[in-house]
Amino acid sequence: MKPLFVEKRILFAIIALLLLMLNSTAVFTQVVETDEHILTKVAEGIYAIRHRRAARIGALSGNTTVIIGERDVLVVDSGSLPSVARSDIALIKQWTNKPVRYLVNTHWHGDHTWGNGTYLDTIPGLTIIAHTETARLIQGYLPNFLQLNATGAELRKRILETGKDYDGTPLTEEMRTQIREDMPNAELRAAEFKSLVIQLPNLTFDRELNLNLGNREVQIKHLGRGNTSGDIIVYLPKEKIVVAGDLLVYPFPFLIGGFPSEWSRTLQRMSDLESQTIVPGHGAVLFGNEGKNYLNLVKDLLEMVTAAVRKETFKIGNGPNHLDAVMEAVKKYPDVVNLRQRFAGDDPDRRANFDRSLPGLIKSAYREAWGN
Amino acid sequence: MKIRAMMLLLLLMLATDFYGQSKSSDLYSVKIRKVKENVYVAYRPEPLRYFVEGNVTIIINERDVVVVDAGGAPQAAQNIIAEIRKLTRNPVRYVINTHDHVDHTLGNQEYVKAFPGVEIISHPQTRQDLDSDGRSYVANTIKDFETRKERSEALFKRLREEGKPGNDKVIAYWERYANEDIYTRTEEYRKAIITLPTLTFENKMTLYCGSRTIELLSLGHGDTAGDVVVYLPNDKVVCTGDMVTEPIPYGFSVKPLEWLVTLGKLSELDFAYLIPGHGEVQQSKAYLQKVMRLLQTVQIEVKVAIAEGLDLEATRKKVDLSRFIVEFSHNDPVKEYRFRGWFLNPNVEETFKSLKGQAGQQ
């Protein structure tokens with residue numbers, strides 16, 4: 001009896017250790033950091049790329065996700081610069097010699113779509129998939145927007161020379177230093193923009209698209225509006241992975257513009273999908289409960305702030321000119337204060353970030369409340 | 001002398017295959033009609049010839065080709081691909097299946113062979129139905145071949161006994177199938193490999209091919225649950241699949257009420273050319289409106305019959321479509337035969353079931 005009892009305990013210990021190992025995501029994922037990027041192996045044949053260099057030179061880029069099937073490769077989002085796209089394509093070649101057949105744009109913003117041209121140059125038969133709205137909105141970048149950016153370095157030089165900003169106001173010393181320090185990066189960016197060609201999606205949809213990369217089913221879904229009118233996610237039902245685009249940005253959401261009242265509903269639908277991993281549009285990959293909890297946190301932020309804005313707008317304003325008053329009132333809501341705590345804790349930088357971003361959300365919610 | 005006769009006999013035997021028919025059947029030969037610049041339709045010259053073949057629309061873009069529906073046999077698809085190659089060197093990039101029926105999808109495999117990497121697009125329901133119903137339909141057709149003699153004899157007997165004027169023409173129409181075309185068809189079905197769509201979409205999808213925009217629309221249940229209509233907004237062309245067929249509408253839709261609603265949505269599109277699932281290209285909305293009037297009349301007549309407490313058989317007798325029979329069959333006995341068999345009988349029954357079901361819910 002006694003020896004069995006001892007053996008049992010060791011057996012249980014081994015089983016517990018194994019279970020612990022299985023639960024620990026560190027066993028199955030690799031994270032590789034270089035100057036260029038942070039790579040996360042999300043699952044076998046599925047990689048998330050976070051672009052560091054692009055951010056350093058002032059051209060913040062969205063995450064790129066690479067999904068490799070037995071036959072084809074699908075890439076989600078093409079980055080903010082041709083050099084980002086080139087670097088990602090080189091990475092993919094290291095991982096597989098299967099062809100990149102599909103590129104998906106989660107939404108229209110340039111930090112996710114300006115690499116389209118580089119992909120199409122490298123892969124002439126590429127299918128670029130997006131929501132119909134995204135194709136329409138990308139056209140907003142044509143034809144002059146990129147030209148502006150291409151001449152950015154020259155414009156800044158002129159500003160330094162004349163001592164006056166774009167709108168004629170004189171430069172502060174702080175701004176002068178900022179521009180001078182950014183100048184090398186501004187020139188890098190300008191050089192890239194000179195060669196950047198905007199390429200539109202060539203296959204769009206408005207509800208759902210299903211395809212298979214060879215034993216890898218991919219569902220591309222429009223769950224509703226949120227950050228933009230054409231937000232889509234890429235969902236792998238077998239691997240239970242959601243690639244969220246900027247519907248979910250970590251560690252803090254981008255809150256300029258968008259459709260806050262619909263966004264939380266869209267996130268609810270995302271949450272309803274069976275998933276164990278979420279790749280956000282920016283920021284680290286979220287595994288297991290980390291993803292679920294963060295999703296709920298952002299959903300709460302959107303719901304509570306839009307509810308507060310609606311209440312205050314009804315109380316305060318009978319016209320569109322009460323934004324400041326509404327903003328002050330909403331900031332004091334216990335829900336909102338609580339959210340600040342949940343997002344930022346006691347970290348002063350994070351609290352500052354929250355305070356800086358909140359007005360953007362309040363503005364959008366206010367605009368929506370007025371049906372603007 | 002004897003030897004020569006024997007050699008002639010041998011030659012004759014070799015010229016016809018084991019099943020006793022000529023190898024050079026024209027069942028799957030196609031004709032090409034230009035609809036507009038870079039838009040062609042490949043069609044069977046006799047649309048009622050059994051077993052029917054779906055129209056195939058060929059859309060030639062600057063760099064590639066989009067094909068709507070794939071034909072109903074490997075041979076048909078091969079013939080159409082040969083025609084495409086005469087028209088352009090561009091590869092076929094997309095094949096769209098408007099619905100699952102095999103006379104529109106059995107050619108899928110040939111496009112995969114001829115154009116590696118081709119994407120076959122459909123509604124998810126179409127993919128599911130082709131995988132299930134499509135497979136069993138092909139298997140059953142091959143099986144039915146074994147009992148072809150008994151079944152055709154029974155059919156001819158029935159038609160002769162019915163003694164309807166024009167039945168001799170209907171018998172001749174069937175004899176062509178029973179004596180020739182069934183062999184070609186069965187051989188093709190034995191060869192066919194069901195190839196499923198590779199990309200499915202719900203509701204709406206748009207392809208941007210060079211300067212041309214191609215919209216794929218699920219307007220609703222028409223002939224089938226997975227019906228997709230292909231619309232070219234700049235060329236003002238619409239390919240309808242079997243929700244519109246000419247000269248005879250197919251009445252097998254199990255959702256006849258929805259079918260009429262879907263046709264309503266179709267008629268709201270801005271088009272100058274309507275390419276039906278079978279039959280002639282239409283250059284106005286007149287035929288579509290004719291079909292809609294037909295469906296509406298059936299619905300009204302069946303509603304009245306149900307209100308009067310009639311059962312299905314009595315309803316069949318009461319529903320008066322004599323005006324439409326003439327309008328659609330132009331006194332051609334084969335056309336009338338098909339109008340009754342492919343539209344009238346099934347559509348009255350499905351409409352009866354749907355309206356009765358509705359009434360039951362009230």
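Keep in mind that this is a model prediction, so the values were computed, not measured. No hydrogens, no waters, no symmetry mates; every other heavy atom, side chains included, goes into these values. Numbers restart at 1 for each chain; the letters A, B, ... are given by sequence-line order, proteins then strands.
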Just checking, is any N or O donor in the side chain of [X] or [Y] under 3.5 Å from an acceptor N or O on the other one?
{"X": "B:Asp100", "Y": "B:His123", "result": "no"}
{"X": "B:Arg93", "Y": "A:Thr127", "result": "yes"}
{"X": "A:Asn116", "Y": "A:Asn105", "result": "yes"}

Checking heavy atoms, do the side chain of [X], its backbone, both or neither come under 4.5 Å from chain A?
{"X": "B:Glu119", "result": "both"}
{"X": "B:Thr200", "result": "both"}
{"X": "B:Arg63", "result": "neither"}

Side-chain ion pair, [X] and [Y], N-O less than 4.0 Å:
{"X": "B:Glu268", "Y": "B:Lys265", "result": "no"}
{"X": "B:Lys236", "Y": "B:Asp270", "result": "yes"}
{"X": "A:Glu133", "Y": "A:Arg136", "result": "yes"}

(request) Would you please go through residues 197-215 of chain A and name the residues with a non-hydrogen atom below 4.5 Å from one of chain B, in numerical order? (result)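 Those residues of residues 197-215 of chain A which have a heavy atom under 4.5 Å from chain B are A:Pro201, A:Asn202, A:Leu203, A:Thr204, A:Phe205, A:Asp206, A:Arg207, A:Glu208, A:Leu209, A:Asn210, A:Leu211, A:Asn212.
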(message) Please report whether the ring centroid of B:Tyr43 lies less than 6.0 Å from that of B:His278.
(response)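 B:His278 vs B:Tyr43: aromatic centres not under 6.0 Å.
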(message) If we define contacts as heavy-atom pairs under 4.5 Å, which of B:Ile214, B:Thr198, B:Leu199, B:Asn203 has the most with chain A?
(response) B:Asn203
(request) Please round to the nearest 0.5 Å and tell me the distance separating atom CD of A:Gln268 and atom CH2 of A:Trp263. (result)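 Reported value, rounded in 0.5 Å steps: 16.0 Å.
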(request) Heavy-atom distances under 4.5 Å only: say whether A:Arg71 touches chain B with side chain, backbone, both or neither. (result)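 Neither part.
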